[in-house]
Asker: 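Pasting a structure here, questions to come.
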Amino acid sequence: MNEFDLGKFEAEAQEQWTHAFESNPSDLEKFYLTVAYPYPSGAMHVGHGRTYIVPDVVARFWRMRGRQVLYPMAFHVTGAPVIGISKRIAKKDPKTVHLYRDLYKVPQNVLDEFTDPLTIVRHFASEYQRVMTACGISIDWRRKFTTVDPTYSKFIEWQWKHLYEAGHVIKGVHPVRYCTVDDNPVGDHDLLEGDKAEVIKFTLVMFRIGDACIPTATLRPETIHGVTNLWANPGVTYVRALVDGSAWIISKEAAEKIALQDHTVEIKEEIAGQDLIDKTVSHPLCGTVPILPADFVDPDMATGLVMSVPAHAPFDYIALRDLQHAGKYTQIKPLPLIKVEGYGEIPAQDAVERAGITHQMDSRMDALTQEIYSAEFSKGKLFDRFGGKPVRVARDDVAALMIEKYDSKIMYEFDTRPVICRCGNKVKVKILHDQWFLKYSDPVWKKQVSDLILDMALVPPEVRLEFDRTVDWLKDWACTRRVGLGTRFPWDTTQLIEPLSDSTIYMAYYTIAHKIREIDPKLLTPEVFDYIFLGKKSPDLPEKKKLDAMRKEFLYWYPYDFRFSAKDLISNHLTFQLFHHVTIFPKDKLPQGMVVFGMGLLNGAKMSSSKGNVFLLEDAVNDFGADTVRMFLMGSAEPWQDFDWRNELVISTKKQIERFYNTVLEVKDASGEPHDIDRWLISRLQSHIERTTAALTNFQTRQALQEAYFGIETDLKWYHRRLPENSDGSRELHALCSAWVRLLAPFIPFTGEHLWKELAGEGLVSFASWPVADKNLVNTRNELAEELLSRTVEDIESIRKLIQITPKSITISIAPEWKHEIFLLIAKSHDRNTVIKEIMKDDAMRKRGKEATDAAKQCTTLIHRLPPHVIEPLTREPINEMEIFEAAKGFLEKEFGVPVHVTAAESSEHAKAATALPFKPSIVIE
RNA sequence: GCGAGGGUAGCCAAGCCAGGUCAAAGGCGCUAGGUUGAGGGCCUAGUCUCGUAGGAGUUCUUGGGUUCGAAUCCCAUCCCUCGCACCA
């Protein structure tokens, strides 16, 4: 009837927990922890499991330590992904249908409803709640909300009002990846190809050709002085277009792109590329140059026409050289304009020849171009006749000059292509207007956040540097969107607040989420929130009583103590929330700490829904039991390390829980009289309690389990081995079990509750008091005695193994008193090298001569090898080894099955006896 | 490419910051013995190499360096993970 049945324990506990973790302000000290809420667009896998279980173990730990703990949860449903998913489901996209039907196990009738995006998130939100509950996560579900609740939107509007008033919300223009078919900006996840491509800002250099101009795009406007020609592709169709009223000749593709970048474009006529060849163009900074043919010119790259600087661009150099080898344009010479250390007069030529490159298609050409680009940028200087400035300065100067005087424009283009949208269309760069930003680049704002970080507890400490770097690196964040779910942007209601930007201070909202629901959203003006969160009084506040109650909750819970999240959010969410907090809240309400998690692997490979490499959390709970899943996830790695889910290891975790369960049931009712070994066991327990507590205080779940589970289990094994025959142990075991069950309860709460009842514990173990180490129960003498004994047993075993005779007896000889003296002197001394000399000054020692110096050397080695926790107490309080071995004689004889003699070394005739040292008696097996 | 973190025995992993307690904790796997006797059970021992006395030798990605002494400190190298934004 006491069978180990996790399913049964789970059912029992769930019944008692229904409202147990709902938490209200009280007289107790609070502990408020939050975790990044999920975006429920799919089923939970075991990786999600850890995200919520680690905080739960911490929550349960602090709850048992007498804190008023709040662990809330909500659902992030704002954003665009589910919109795409619903569309793909509607189109019956096979991949999506497979993922949801087969992997996430969504029933067909529910799947049919997934054409509505809100249905998707609602479905998975309830699934999340169900699975989290099944895992025993101690959440106060009364505070649950979703980010599209009207009440929450009011809260977001209030937050943004403050950000705006602080000057952090600004309007700007911004180049984005844009799909003209979808008529939308394209995010990384919407790209079929080209996710590495960056948007680069090119300067268009305008060359005159008759009444029109030819813009060429360049990153190196300063090289204008070295232009010898332009390149056009004879096989490409160009167009003559009116751009903002003036005539440009550019590729057809370029015309489309330019139109997206703040220019009016009207195509007038097509021009064959061939017709441009050998025409001349001019620019005030380089004079008149010809247009030459080149097949490498890509009409889809910028304007489709390129200026050629053969002295400094390897591609230009080779292309020109090839033409000249064919006997054409031989009058053109490269015009160098930059002096750079390490290269000859014409760097491009130098580099190409040095690398032995013979044709344009050589794969090393890109690297070579990059090399020269970097070298010239970092070390190059313009010739004196062009101003003599370093390239890095001249580049910006020339660009500015061109824009001001010579009609140059800016054009945005990708650095690598192709960039293809999920819909199959080529992505272009569009300049978005009415785009709003959060001005994270503001140095004052940054400083406030850096200062906050200094005061925060960060776990593990290594992430501090990463946070610092992130704050440095952060640029303005586009915070409005045109598609998706979410709160309307107050200053342009055609747009929505971007989903990461609506999730930065919601930890404060949890404190009032269950109460604010009772108020009509229409009444929730900014003044209401000002009162609740900032204590600002204003006339005519509605529902004053309710507001007071909420204010009380907020003041009690806030700030949060720790925020938990995976490490991939450091560079955005975790840092953003700090920015927002420093703006909205006063100093005493700012975040206190963060714990950053590692990622999850499944059988050694990255977990990925799209690759089907996931193991659903609910399946894991059903297959192995919630406690098993919990203990495995907490024990296989510390939270900040990556963990690897492997079923075969999970199985042995289940065995461990079962072993624990059986052991507790077996020994809890022992009633024998306590012996020395019981005092030893209880003494050891104190340090396990202490270490488990320290580990959990530092969020080291793995370390805590090592101590609380394996540490105690190992002790119990030794305890049973040392127990007198016919003894089942003493009544002390009940106390041990009580502490043991409580130490493990945060990890395996279901088994914990069941055993707690078996132990006749009061109430729920979830609220039982955490064990406290009692110094009075620490018995150093007993611990040392057992340490000595187990080390001696190990030695005997290894000798027996080696000599391969059938032993008839074992003789243990204890080192003489004078060796103990030496041992102590050395152990206590700070300088273990000179202490030998000191010892030998003693007359009695000197009489022993070599015997004494040898013993001193051996003691020194031994002291080095013994752990400090043995040496340190030995120096304080010597132990009587003879007594210990005499007392353990029966045990040793039982262990080895032969008579055991204990003698003093000086009274033994065995030569071996002379080798006896303190804490290392000599052993003779005969 | 840039920023952060990491590479330890068959596997997972502690140790490294504060060099000698390190042949290196613990778990898993495997092997042997015992117990129970058959269903993924429990206990004990072994699991780099050598060794008929508790020892010795060679190891902590690779290559150098500092030191009486390095898994631990420094430099370099190769490999892995995460982030690099309009996306949750």
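Lettering of chains follows the sequences in order, A, B, ..., and the numbering in each one begins at 1. Because only heavy atoms are used, hydrogens play no part in the values below, and waters and symmetry mates are left out as well, while side chains stay in.
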Asker: Give one of base, sugar-phosphate or nothing for Pro40(A), where a contact means two heavy atoms less than 4.0 Å apart.
Answerer: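 Answer is nothing: Pro40(A) stays at 4.0 Å or more from every strand.
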Asker: Any chance you could list the contact pattern along nucleotides 34-49 of chain B? Use B for base contacts, S for sugar-phosphate-only contacts and - for none, protein heavy atoms under 4.0 Å, 5' to 3'.
Answerer: ------BSSSSS----
Asker: Taking any heavy-atom pair under 4.0 Å as a contact, classify Thr480(A): base, sugar-phosphate, or nothing.
Answerer: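 If one applies the 4.0 Å heavy-atom cut-off, Thr480(A) turns out to touch nothing in the nucleic acid.
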Asker: Anything under 30° is parallel, anything over 60° is perpendicular, the rest tilted; go ahead and classify Trp445(A) against Tyr440(A).
Answerer: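 It falls in the tilted class, 30° to 60°.
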Asker: With heavy atoms under 4.0 Å as the rule, sort Ala637(A) into base, sugar-phosphate or nothing.
Answerer: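 The residue Ala637(A) makes no contact with any strand.
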Asker: Students often get this wrong, so: under 4.0 angstrom with heavy atoms, is Thr653(A) touching a base, only sugar-phosphate, or nothing?
Answerer: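 It contacts nothing in the nucleic acid.
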Asker: Classify Ile925(A) by what it touches in the nucleic acid, base, sugar-phosphate, or nothing, heavy-atom distance under 4.0 Å.
Answerer: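 It contacts base atoms.
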Asker: Quick one: label Asp568(A) by what it contacts on the DNA or RNA (base, sugar-phosphate, nothing), any heavy atom closer than 4.0 Å.
Answerer: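 If one applies the 4.0 Å heavy-atom cut-off, Asp568(A) turns out to touch the sugar-phosphate alone, with no base involved.
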Asker: Students often get this wrong, so: under 4.0 angstrom with heavy atoms, is His76(A) touching a base, only sugar-phosphate, or nothing?
Answerer: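 Here His76(A) touches the backbone only, sparing every base.
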Asker: Is the shortest distance from a Lys or Arg side-chain nitrogen in Arg791(A) or Glu787(A) to a carboxylate oxygen in the other one below 4.0 Å?
Answerer: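 Counted as a salt bridge, because a side-chain N and a carboxylate O are separated by less than 4.0 Å.
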Asker: Between Asp642(A) and Lys567(A), does at least one N-O distance fall below 4.0 Å, as a salt bridge requires?
Answerer: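 Counted as a salt bridge, because a side-chain N and a carboxylate O are separated by less than 4.0 Å.
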Asker: Which part of the nucleic acid does Val870(A) contact within heavy-atom distance under 4.0 Å: base, sugar-phosphate only, or nothing?
Answerer: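 Nothing, no heavy atom under 4.0 Å.
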Asker: Going by modelled atom types, is there a donor-acceptor pair between the base of rA53(B) and the side chain of Asp795(A) at under 3.5 Å?
Answerer: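 Flag unset: no donor-acceptor pair detected.
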Asker: Under 3.5 Å, which N/O atoms of the protein pair with N/O atoms of nucleotides 7-9 of chain B?
Answerer:
none

Asker: Students often get this wrong, so: under 4.0 angstrom with heavy atoms, is Val186(A) touching a base, only sugar-phosphate, or nothing?
Answerer: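 Sugar-phosphate, backbone atoms only, no base.
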Asker: Between Gln703(A) and rA25(B), is there a contact of a side-chain N or O with OP1 or OP2 at under 4.0 Å?
Answerer: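 So the side-chain polar atoms of Gln703(A) never come under 4.0 Å of the phosphate oxygens OP1 or OP2 of rA25(B).
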